[in-house]
Amino acid sequence: RQIAQALGLIHHTSGADYWARHPLAFLLEAADDICYSIIDFEDGYKIGKLNFRETEGLLKTLVGPKHLEGYSNVLNEDKRISYLRSKAIAALIDDVTSVFFDHEHQILQGQMPDSLLSHIARHSILSEIMALTREQVYTYRAMTADNIAGFDVVAYLLNRLVEALLAYQGCGWNLGRLGAIHQALLSKMNLPEDFEDIDPYHVFQLATDYISGMTDSYAIDLYRQLEPTACPAGL
């Protein structure tokens with residue numbers, strides 16, 4: 001109740017006692033759904049569970065012809081899928097922005113019953129992509145989850161990142177005094193310019209945020225680079 005009041009949420013009492021969602025919650029929900037659905041779909045192609053033709057076809061349909069001006073200049077198949085992924089996310093962001101403004105009054109009055117994505121014109125094709133991802137990619141991930149957990153990929157990467165951050169702090173924030181592996185890890189993290197002023201808690205939070213943003217395939221690839229003998233070729 002204190003949180004709802006502090007955020008100025010609209011209190012409903014008709015039929016049930018509840019508060020309407022904060023307007024920004026609609027945008028956060030849409031951002032999560034857009035990123036996870038499209039990036040997971042791309043990841044399905046990368047791990048070989050979705051072929052190029054079906055991945056390209058669905059993404060091109062989602063993007064639409066008017067946003068594919070430079071697509072014919074991209075010759076590599078992997079780069080083509082990356083190109084379409086970027087365009088698809090941008091197109092969905094535009095759609096969600098329009099829907100948000102179209103329903104702004106309804107949202108601010110606490111009368112919006114469903115998600116922003118359910119109102120976009122591309123909803124049917126996005127639903128098809130999400131369904132295919134659930135069927136082909138998530139099933140595969142469930143089968144490999146035990147293997148990934150068994151090799152402690154996430155724990156290993158977190159330990160190495162924290163180790164690199166502590167080494168950076170220990171040498172007086174002088175990147176040149178770090179070993180090559182620590183330098184490479186920190187360069188991947190894109191540390192903020194005011195990094196030296198960040199308290200220890202948020203330093204470690206940067207490491208967890210970085211790992212949380214990794215796809216399965218990227219995490220395993222990085223793990224193999226750092227510890228090539230620890231992971232069998234079949235994973």
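Just so it is clear, the model here is predicted, and its values are computed rather than measured.
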Not counting sequence neighbours, which residues clear side chain to side chain donor-acceptor pair (under 3.5 Å) with D78? List them please.
->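 Once residues adjacent in sequence are excluded, the partners of D78 under the side chain to side chain donor-acceptor pair (under 3.5 Å) criterion are Y45.
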Any [X] side-chain heavy atom under 4.5 Å of [Y] side chain:
X: Y210; Y: L161; value: yes
X: L116; Y: M112; value: yes
X: E104; Y: P23; value: no
X: L226; Y: L185; value: yes

Nearest 0.5 Å please: distance from the [atom1] atom of [X] over to the [atom2] atom of [Y].
X: R160; Y: L222; atom1: CZ; atom2: CG; answer: 9.5 Å
X: L178; Y: C171; atom1: CG; atom2: SG; answer: 4.0 Å
X: I89; Y: I38; atom1: CD1; atom2: CD1; answer: 6.5 Å
X: Q183; Y: K188; atom1: CD; atom2: NZ; answer: 13.0 Å
X: K46; Y: F41; atom1: NZ; atom2: CZ; answer: 13.5 Å
X: D40; Y: I47; atom1: CG; atom2: CD1; answer: 9.0 Å

Are [Y] and [X] connected in a single hydrophobic cluster, I mean Ile/Leu/Val/Met/Phe/Trp/Tyr linked by side-chain heavy atoms less than 4.5 Å apart?
X: V162; Y: M214; value: yes
X: Y223; Y: Y218; value: yes
X: Y156; Y: L166; value: yes

Taking ring-ring contact (aromatic ring centres under 6.0 Å, His included) as the test, write out the residues that go with Y71, two or more places apart.
->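 Y83.
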Stacked cation flag R21 on F26, 6.0 angstrom / 45 deg | yes
Determine whether a donor-acceptor pair (N or O, by modelled atom type, separation under 3.5 Å) exists between the side chain of [X] and the backbone of [Y].
X: N159; Y: A155; result: yes
X: H12; Y: G110; result: yes
X: E54; Y: N51; result: yes
X: Q111; Y: Q106; result: no

Would you please test H11 and Y18 for side chain to side chain contact (heavy atoms under 4.5 Å, CB included) and show each step?
-> CA-CA 6 Å; H11 190 198; Y18 71 99; over 6 Å; no
Could you tell me whether [X] atom [atom1] has more than 12 heavy atoms of other residues or ligands within 6.0 Å of it?
X: F52; atom1: CZ; result: yes
X: L24; atom1: CG; result: yes
X: I181; atom1: CD1; result: no

On a heavy-atom basis, which atom in [X] and which in [Y] lie closest, and how many Å separate them?
X: V96; Y: A30; value: CG1-CB, 3.8 Å
X: A167; Y: H182; value: CB-ND1, 3.6 Å
X: W19; Y: L9; value: CD1-O, 3.7 Å
X: V137; Y: G44; value: CG2-CA, 3.5 Å

Set of residues satisfying salt bridge (charged side-chain N to carboxylate O under 4.0 Å, His left out) with respect to R1, sequence neighbours excluded |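 Per chain and number, R1 pairs via salt bridge (charged side-chain N to carboxylate O under 4.0 Å, His left out) with D17.
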Test L68 against K60 for side chain to side chain contact (heavy atoms under 4.5 Å, CB included), laying out the working first.
-> CA-CA 8 Å; L68 296 174; K60 284 178 74 174; 4.1 Å; yes
Going by atom types alone, do T55 and E42 pair a side-chain donor with an acceptor below 3.5 Å?
-> no
Show me the donor-acceptor pairs within less than 3.5 Å that the side chains of residues 200-208 make with the rest of the protein, sequence neighbours left out.
unit_1 : atom_1 : unit_2 : atom_2 : d
H202   : ND1    : D199   : OD1    : 3.1
H202   : ND1    : D199   : OD2    : 2.7
T208   : OG1    : Q205   : O      : 2.8

Let me check something: any side-chain donor-acceptor pairs from residues 119-133 under 3.5 Å, sequence neighbours excluded? List them with distances.
unit_1 : atom_1 : unit_2 : atom_2 : d
H119   : NE2    : D114   : OD1    : 2.8
H119   : NE2    : D114   : OD2    : 3.4
R122   : NE     : D95    : OD2    : 2.4
R122   : NH1    : L62    : O      : 2.7
R122   : NH1    : V63    : O      : 3.1
S127   : OG     : H123   : O      : 2.9
T133   : OG1    : I129   : O      : 2.8

Hydrophobic side-chain clustering at under 4.5 Å (ILVMFWY, transitive links): who's grouped with L75? Put none if nobody.
-> none
